[in-house]
Amino acid sequence: MPELPEVETIKNALLLRIKGCTITGIELIRDKSVHKPTPKQFCEQLLKQRIEDIRRRGKYFLFDLSGGEILGIHLKMTGVLLLENKIKLQKHSIAIFRMENRFSLHFVDQRKFGSLWLVDDENEIVGNLGPEPLGQGFTTEILGNTLRRHTIPIKALICDQNAIAGIGNMYADEALYEASIHPLTPSNRLNKNQVTTLHKSIIKVLEKGIAHNGASIRHYQLPDGAQGMAHTQFRVAHRIGKNCPVCGTPVNRICIRGRGSYFCPVCQPE
DNA sequence: CCCGGAACCTGAAGGC
DNA sequence: TGCCTTCAGGTTCCGG
């Protein structure tokens with residue numbers, strides 16, 4: 001379940017190893033994972049292109065290619081990007097991109113939800129995403145304006161990629177805990193102080209996640225196979241029954257829009 | 001507008 | 001041991 005901090009961490013690791021490299025070979029193992037264009041065109045058009053830059057937008061990777069096109073990758077829940085010296089096909093390999101240097105970029109995805117695109121205009125992939133929470137465009141005012149327009153639970157709203165890009169289940173729970181806001185609170189019922197606090201909390205938990213190289217709750221790993229450490233810093237996410245670090249109350253879990261939501265019933269009152 | 005559920009998938013975990 | 005069910009949760013789509 002890679003979210004913004006995990007994608008950012010992976011992106012930075014990839015930049016160090018394969019920025020400026022030319023793609024010398026592509027093995028597409030699972031055609032269905034390519035959303036655009038056709039699998040054949042995808043492989044043909046990718047070949048011999050140089051990776052000029054790798055960017056992150058929300059939870060998407062955007063590879064800027066020398067031909068002007070953009071390779072998009074989304075890991076969904078179980079996708080992994082590995083940099084390997086030796087190509088070894090795995091049970092859930094999706095694609096392998098061979099680089100001119102000693103590395104190959106190996107896309108593995110146990111549940112096969114992950115996606116690939118090759119497009120001329122990145123808006124075909126990320127055009128509807130909301131602002132980057134760690135960018136200039138994410139202000140308290142913008143957040144407040146978004147919240148005011150909706151009555152849905154705040155937890156659901158901050159997980160909505162079209163409202164804010166990059167936040168998923170884990171960091172949403174952490175941000176709401178940090179801001180002492182109950183996850184079921186209707187978005188338009190947050191007062192001004194709460195909006196200000198939530199804005200700060202979102203930035204804080206995401207930056208903390210990046211500082212600890214992302215959270216390896218389940219499948220997440222860095223391109224060299226290493227684990228992230230951000231989950232060791234979690235205060236409520238995936239900590240059901242454990243004590244709230246502030247008041248000691250056992251962490252509760254409820255289902256909101258089909259997702260497990262962890263919170264402290266005392267520190268985050270309804 | 002808001003919600004629930006299905007679909008896309010697999011493996012881990014729990015019940016019996 | 002083993003079969004069955006449930007759950008995990010990013011995104012999109014569809015129906016009420």
Side-chain angles (χ1 to χ4, degrees), chain A residues 1-11 29-36 39 56-62 72-81 89-95 107-117 119 122-130 132-133 145-176 183-190 206 209 214-221 228 230-231 234 236-241 251-263:
Chain A
M1 7 179 165
E3 303 179 26
L4 187 153
E6 288 73 36
V7 177
E8 179 73 14
T9 302
I10 295 168
K11 185 237 355 171
I29 295 102
R30 189 174 190 270
D31 283 358
K32 274 173 79 174
S33 297
V34 177
H35 285 210
K36 223 172 201 180
R56 178 194 58 73
R57 177 80 173 93
K59 302 173 192 169
Y60 293 80
F61 295 91
L62 298 173
I73 302 180
H74 197 300
L75 301 179
K76 295 288 173 78
M77 273 134 39
T78 55
V80 173
L81 287 175
L89 226 57
Q90 295 187 27
K91 186 173 178 189
H92 303 297
S93 293
I94 302 296
F107 181 18
V108 184
D109 186 4
Q110 179 194 100
R111 288 174 65 181
K112 303 179 170 65
F113 288 0
S115 314
L116 296 161
W117 296 260
V119 295
E122 69 190 62
N123 285 321
E124 289 186 56
I125 307 171
V126 297
N128 291 326
L129 291 184
E132 278 297 320
N145 288 341
T146 305
L147 298 195
R148 207 179 323 124
R149 287 185 281 114
H150 298 276
T151 59
I152 62 172
I154 184 64
K155 166 70 186 283
L157 189 89
I158 59 177
C159 286
D160 180 349
Q161 301 304 295
N162 299 335
I164 313 164
I167 302 171
N169 211 30
M170 304 182 294
Y171 292 97
D173 284 349
E174 288 298 303
L176 290 171
L184 281 174
T185 311
S187 302
N188 63 356
R189 291 249 294 273
L190 296 196
L206 292 177
S216 291
I217 288 284
R218 223 158 253 131
H219 297 87
Y220 168 72
Q221 49 185 310
H231 54 289
F234 283 170
V236 287
H238 293 275
R239 287 176 47 81
I240 186 154
V251 170
N252 199 357
R253 180 184 185 273
I254 56 174
C255 207
I256 301 176
R257 305 290 288 272
R259 290 160 174 181
S261 296
Y262 301 83
F263 67 103

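Just so it is clear: chains get the letters A, B, ... in the order the sequence lines come, proteins before strands, and each one is counted from 1.
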*Aromatic-base stack, F113(A) on dC8(B), cutoff 5.5 Å, angle under 30*: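 According to the criterion (under 5.5 Å, under 30°), yes, F113(A) stacks.
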
*Dot-bracket for DNA chain B, 5' to 3', with Watson-Crick and G-U pairs under 3.5 Å, [ ] for crossing pairs and | for other-strand pairs: what is it?*
.|||||||.|||||||

Nearest of [options] to any side-chain atom of [X]?
X	options	value
H150(A)	dC8(B), dC2(B), dT11(C)	dC2(B)
E3(A)	dT10(B), dC9(B), dG10(C)	dG10(C)
Y60(A)	dT11(C), dG11(B), dC3(B)	dT11(C)

_Strictly distance-based, threshold 3.5 Å: is any side-chain N or O of H231(A) a donor or acceptor partner for the main-chain N or O of S216(A)?_
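Between the backbone of S216(A) and the side chain of H231(A) there is a qualifying donor-acceptor contact (under 3.5 Å).
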
Just call it for [X]: base, sugar-phosphate, or nothing, with non-hydrogen atoms closer than 4.0 Å on any strand.
X	value
H238(A)	sugar-phosphate
M1(A)	sugar-phosphate
T151(A)	sugar-phosphate
G260(A)	sugar-phosphate
P186(A)	nothing

For [X] and [N], is the shortest distance between a side-chain N/O and OP1 or OP2 below 4.0 Å?
X	N	value
R257(A)	dC3(B)	yes
Q161(A)	dT11(C)	yes
K32(A)	dC8(B)	no
H74(A)	dG10(C)	no

Distance-only polar pair, side chains of [X] and [Y], donor-acceptor under 3.5 Å:
X	Y	answer
H74(A)	K59(A)	no
D109(A)	T78(A)	yes
Y220(A)	E3(A)	no

Between atom [atom1] in [X] and atom [atom2] in [N], what is the gap in whole Å?
X	N	atom1	atom2	value
K91(A)	dT10(B)	NZ	P	8 Å
E124(A)	dT11(C)	CD	P	18 Å
I254(A)	dA8(C)	CD1	P	13 Å
K76(A)	dT10(B)	NZ	P	15 Å
R218(A)	dA12(B)	CZ	P	11 Å
H35(A)	dG10(C)	NE2	C1'	12 Å
Q90(A)	dC9(B)	CD	P	19 Å
D109(A)	dA8(C)	CG	P	19 Å

When rounded to the nearest Å, what value does the distance between [atom1] atoms of [N] and [M] take?
N	M	atom1	answer
dG4(B)	dC7(C)	P	16 Å
dC9(B)	dG2(C)	C1'	23 Å
dA13(B)	dG9(C)	P	14 Å

*Within a strict 4.5 Å, meaning less than it, do heavy atoms of the I94(A) and K112(A) side chains meet?*
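They are in side-chain contact.
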
*Are E6(A) and K11(A) side-chain neighbours, meaning at least one heavy-atom pair lies under 4.5 Å?*
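A side-chain contact is absent here, since even the closest heavy-atom pair is not under 4.5 Å.
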
*No-H, no-angle donor-acceptor pair, R111(A) side chain to dA8(C) base, under 3.5 Å*: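 Answer yes: a donor N or O sits under 3.5 Å from an acceptor.
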
*Establish, yes or no, whether a centroid distance under 6.0 Å links the rings of F61(A) and F107(A).*
no

*Taking D173(A) as the fixed residue, which of K155(A), R239(A), R259(A) is the one that meets the salt bridge (charged side-chain N to carboxylate O under 4.0 Å, His left out) rule?*
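Among K155(A), R239(A), R259(A), the one meeting salt bridge (charged side-chain N to carboxylate O under 4.0 Å, His left out) with D173(A) is K155(A).
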
*Would you please test R57(A) and E122(A) for salt bridge (Lys or Arg N to Asp or Glu O under 4.0 Å) and show each step?*
CA-CA 10 Å; R57(A) 177 80 173 93; E122(A) 69 190 62; 5.8 Å; no

